[in-house]
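Please read the structure below before turning to the comments.
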Amino acid sequence: MKILVVNAGSSSLKYQLFDMDTGSVLAKGNCERIGIDGMITHKCPGREDFHATPAFPDHRAAIGYVLGLLTDPERGVIADVGEIAAVGHRFAHGGEKLKASTVLGEKEIAYLESIVGINPLHGPPAISGLKACREVMPDIPHVGVFDTSYYSGLEEYAYLYPIPYELYEKYRVRKYGFHGTSHRYVAGRAAELLGNPGAKIITCHLGNGSSITATVNGRAVDTSMGFTPQDGVPMGTRSGAVDPTVVTYLMKEEHLTAEETEKLLNSKSGLLGISGVSSDCRDIREAAAAGNRRAQLAMKMLVQSVKKIIGSFYAVMDGADALVFTAGIGENDRELRSEVCSGLSALGIEIDETVNATCPRGAVAELTRKGARVRTFVIPTNEEYMIALDTQSLSKSK
Ligand code: ADP
């Protein structure tokens, strides 16, 4: 069975075609500059990458071009579009109603359109991408996989904010959680490695956007992101959690509008804002190594914040069986893993520094020091494969 996974952004459309019989990726790529001019990078294992600049006036043009490439007599990997059994669509937000991956029909699309107010950045382009794919491939199931759905089982006391309850009822202001597909994937892999489906697991997805999730028995019980992906630890350009009064105070002092304030906290804060160097962890590390104090400070703040959340989730779960690092920073930045785990021996978290310093990139590794109570892993995330798996199981059961 072949499954196409699509992740549509405002001017981009990423795709991967999976052969689910072998679990392999047949082709993947990224259409960029949609609505501007158009650019595509297309990769097939064992072949040279393909680059082109076709016109992409909209998402429909981009997906049409991708299907043309996938079935191209020379470059193609399938003979006919009919070989694609289903399409899995990544959605950042499923609101309160889409609590699990779902085959998307008119009713679900109408609901997704009704919640763009709480998902203004990701919602509209993802819906455009979905509509374009349904037009071009009308006869197969289109499955939505939502980053938020992993958190649909949070207890009310874990997802509500301590503000007047009526405001939650009126605006659905609550913690939704994000990166759920990544956390679900790596927590699932960790539970397999532990041989314990009921395990208590803390997963740290540390990338350009970062979040930490507590999972018990395959279910998320808490997470660091909130109403938006702005909460939690400091990120590339996002502040993460701040005292809310800092926000209103700055608005008053700097005469900022709501939009300007959001921009400040979303695009100019976090590691970039503190270091003044870059939002990219590699650049910050380089500057820190060269003695840049603010770059060193940014990394210390990240470490402190991650440690605090690990500690709080340990408390929430009454212990932990595993700690997992994933995503760009979690998978690659050995120093950060070492700094986060240092001083956590009271919680039973201790890693073998030699293994941490030498484990191969891009592969699962166990960092646990001999005798440590909590097992620590690096598990490369694979959200696209998780989306493909959900899409496969829902289209089979259809
Ligand atoms: P996104 O959230 O956009 O998917 P990624 O998961 O790709 O982001 O993570 C991007 C982050 O990972 C960047 O801050 C980047 O610097 C960091 N990163 C990637 N490789 C390394 C590395 N070798 N060492 C340290 N940080 C790295």
Side-chain angles (χ1 to χ4, degrees), residues 5-16 28-30 32 41 90-93 121-122 125-126 145 147 177-186 203-213 223-225 228-240 266-290 292 294-303 305-306 324-341 356-363 365 367 378-387:
V5 172
V6 169
N7 183 354
S10 57
S11 66
S12 70
L13 186 144
K14 294 193 190 117
Y15 58 92
Q16 287 199 24
K28 64 178 179 179
N30 192 6
E32 292 171 272
T41 307
R90 186 222 164 205
F91 275 84
H93 218 310
L121 291 181
H122 290 109
V145 178
D147 280 358
F178 295 88
H179 289 150
T181 311
S182 173
H183 288 287
R184 180 158 61 102
Y185 177 77
V186 296
T203 46
C204 304
H205 176 114
L206 307 174
N208 199 27
S210 299
S211 62
I212 304 177
T213 290
T223 189
S224 62
M225 279 182 167
T228 69
Q230 169 72 340
D231 203 357
V233 301
M235 301 169 231
T237 60
R238 284 179 239 158
S239 62
N266 261 307
S267 319
K268 299 182 185 169
S269 296
L271 300 179
L272 171 68
I274 293 296
S275 71
V277 171
S278 167
S279 62
D280 192 299
C281 210
R282 285 165 290 200
D283 301 337
I284 300 168
R285 280 275 178 229
E286 211 178 296
N292 183 313
R294 276 175 46 191
Q296 292 164 356
L297 180 63
M299 293 313 292
K300 281 198 177 131
M301 288 172 70
L302 174 61
V303 168
S305 176
V306 172
V324 179
F325 290 96
T326 194
I329 301 173
E331 289 169 33
N332 294 300
D333 193 328
R334 301 169 194 277
E335 212 175 328
L336 178 114
R337 295 196 300 254
S338 166
E339 288 163 355
V340 165
C341 294
N356 182 46
T358 54
C359 60
R361 286 211 163 98
L367 312 180
V378 180
I379 302 180
T381 193
N382 197 341
E383 288 155 287
E384 293 78 12
Y385 186 57
M386 191 81 248
I387 294 172

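Fair warning: this is a prediction, and the values are worked out from it, not measured in the lab. For ligands, and for the atoms within them, numbers begin at 1 and follow the listed sequence.
Considering Val145, Thr181, Val5 as possible partners of Met386, the one that fulfils the side chain to side chain contact (heavy atoms under 4.5 Å, CB included) test is Thr181.
Here's the thing with Gly328: one of its N/O atoms is less than 3.5 angstrom from an N/O atom of ligand 1. Between His205 and ligand 1, no N or O atom pair is found at a separation short of 3.5 Å. For ligand 1, the polar-atom distance check finds no N/O of Leu206 at less than 3.5 Å from any of the ligand's N/O atoms.
Protein heavy atom at the shortest distance from atom 15 (C) of ligand 1 is Asp280 OD1, 3.5 Å. For atom 20 (N) of ligand 1, the closest non-hydrogen atom of the protein is Asn332 ND2, 3.5 Å. Nearest to atom 17 (C) of ligand 1 among the protein's heavy atoms is Ile329 CG1, 3.6 Å. Here the protein heavy atom with the shortest distance to atom 2 (O) of ligand 1 is Asn208 N, 3.1 Å.
His205 and His179 have parallel rings, their planes meeting at less than 30° on a 0 to 90° scale where 60° marks the start of perpendicular.
Residue contacts with ligand 1: Arg285 is excluded, as none of its non-hydrogen atoms falls under 4.0 Å.
A donor-acceptor contact shorter than 3.5 Å is absent between the side chain of Arg238 and the backbone of Gly270.
Near Arg361, meaning under 4.0 Å from one of its heavy atoms, ligand 1 places the atoms 23 (N). Counting the atoms of ligand 1 from 1 in the order shown, those under 4.0 Å from a heavy atom of Gly209 are 2 (O).
One option in Cys281, Ser278, Gly207 has a heavy atom closer to atom 26 (N) of ligand 1 than any other, and that option is Cys281.
Shown here, atom 4 (O) of ligand 1 is out of close reach of the protein: none of its heavy atoms lies under 4.0 Å off.
Contact annotation: the side chain of Arg337 approaches that of Leu367 to within less than 4.5 Å [non-hydrogen atoms, C-beta and beyond]. Here the side chains of Val340 and Cys204 are not in contact, with every heavy-atom distance at 4.5 Å or above.
Smallest separation of non-hydrogen atoms from Ser279 and Thr237: CB-CG2, 3.6 Å. Taking both residues in full, the closest heavy atoms of Ser305 and Pro234 are given as OG-CD, 3.4 Å, listed atom of the first, atom of the second, then distance. Of all non-hydrogen atoms in Leu336 and Asp333, the two that sit nearest each other are N-OD1, 3.0 Å.
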